[in-house]
Amino acid sequence: MIAGRMRDKVTFYRPTTVVNAFGEAEQTWLGAGTVHAERVKRTDSRSDEVGEHFASARVTWLVRDAHTVRANWRLADSRTGEMFVILAVTPHRERGYNELLCELYNE
């Protein structure tokens, strides 16, 4: 892995559970740090379901293995402002990076 290729900055968000004023448990997202990353691949698609259009994007990112990241966390691309859900984390310890498979988060 070449460090010079990591030109993009991404921010990780991890899920946390907090208790609101009514005593209910809510899931919120807490920032877990901003790191440099390399976007390797992006695949965009669109589907039509019941007359509605849904955009979808799958992105593969490479980040250093020194950063703690887990599946089901979220990742925000600082360049585009898009939010992604991390589907899978594949470690490549011999090369010093983790490969993150992400999907565009549709609210």
Side-chain angles (χ1 to χ4, degrees):
M1 163 169 263
I2 300 171
R5 293 184 182 168
M6 294 191 171
R7 295 183 186 104
D8 299 317
K9 286 189 178 182
V10 296
T11 303
F12 295 122
Y13 293 93
R14 60 182 173 89
T16 58
T17 304
V18 296
V19 178
N20 64 12
F22 298 103
E24 299 171 332
E26 291 182 335
Q27 184 175 6
T28 60
W29 297 91
L30 182 65
T34 301
V35 300
H36 285 87
E38 176 186 354
R39 186 173 71 184
V40 179
K41 181 180 177 184
R42 180 178 175 124
T43 306
D44 293 312
S45 65
R46 187 184 78 175
S47 63
D48 297 322
E49 297 177 18
V50 194
E52 291 189 45
H53 303 291
F54 293 98
S56 178
R58 288 224 173 179
V59 181
T60 303
W61 294 92
L62 300 180
V63 296
R64 292 269 181 218
D65 62 356
H67 307 295
T68 302
V69 60
R70 303 274 184 258
N72 298 323
W73 283 19
R74 292 188 183 165
L75 179 145
D77 184 358
S78 64
R79 187 173 38 125
T80 62
E82 295 175 316
M83 183 73 74
F84 297 93
V85 176
I86 300 172
L87 301 175
V89 178
T90 306
H92 296 278
R93 299 285 182 220
E94 68 281 354
R95 294 186 178 171
Y97 67 85
N98 289 329
E99 183 178 340
L100 309 177
L101 177 62
C102 304
E103 188 172 54
L104 185 64
Y105 176 69
N106 291 318
E107 294 183 26

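Side-chain atoms are counted along with the backbone in the values below, which use heavy atoms only and exclude waters and symmetry mates. Just so it is clear, the model here is predicted, and its values are computed rather than measured.
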In one Ile/Leu/Val/Met/Phe/Trp/Tyr side-chain cluster, 4.5 Å: Y13, V69: no
Correct closest heavy-atom pair for D8 and R79 would be OD1-NE, 3.3 Å
R39 meets the side chain to side chain donor-acceptor pair (under 3.5 Å) criterion, sequence neighbours left out, with none
When rounded to the nearest 0.5 Å, the distance separating CG of L100 from NE2 of H67 is 10.5 Å
Can you measure from CD (E103) to CG (L87) and round to the nearest 0.5 angstrom? 5.5 Å
Value rounded to 0.5 Å, distance of OG1 in T17 from CD in E26: 10.0 Å
Common cluster, M83/W29, ILVMFWY with side-chain heavy-atom separation under 4.5 Å: yes
Does L104 belong to the same Ile/Leu/Val/Met/Phe/Trp/Tyr cluster as L75, with side-chain heavy atoms less than 4.5 Å apart forming each link? yes
CD1 of I86 to CZ of R74, rounded to nearest 0.5 Å, is 10.5 Å
Quick one: pull up NE2 in H36 and CZ in R5 and give me the separation to the nearest 0.5 Å. 16.0 Å
Report the distance from atom SG of C102 to atom CZ of R42, rounding to the nearest 0.5 Å. 11.0 Å
Ignoring hydrogens, what is the shortest heavy-atom contact between S78 and K9? Give both atom names and the distance. OG-O, 2.7 Å
Are Y105 and W73 linked, directly or through other ILVMFWY residues, by side chains that come within less than 4.5 angstrom of each other? no
Show which side-chain atoms of residues 45-63 pair as donor or acceptor with protein atoms under 3.5 Å away, not counting sequence neighbours.
unit_1	atom_1	unit_2	atom_2	d
D48	OD1	H53	ND1	2.3

Show, in sequence, the C-alpha distance, side-chain angles and deciding distance for R14 and R70, and conclude whether the side-chain contact (heavy atoms from CB on, under 4.5 Å) test is met. CA-CA 8 Å; R14 60 182 173 89; R70 303 274 184 258; over 6 Å; no
Using side-chain heavy atoms (C-beta onward) and a distance below 4.5 Å, is R95 in contact with R93? no
Using a 4.5 Å cut-off on heavy atoms from C-beta on, say whether the side chain of F12 contacts that of T68. no
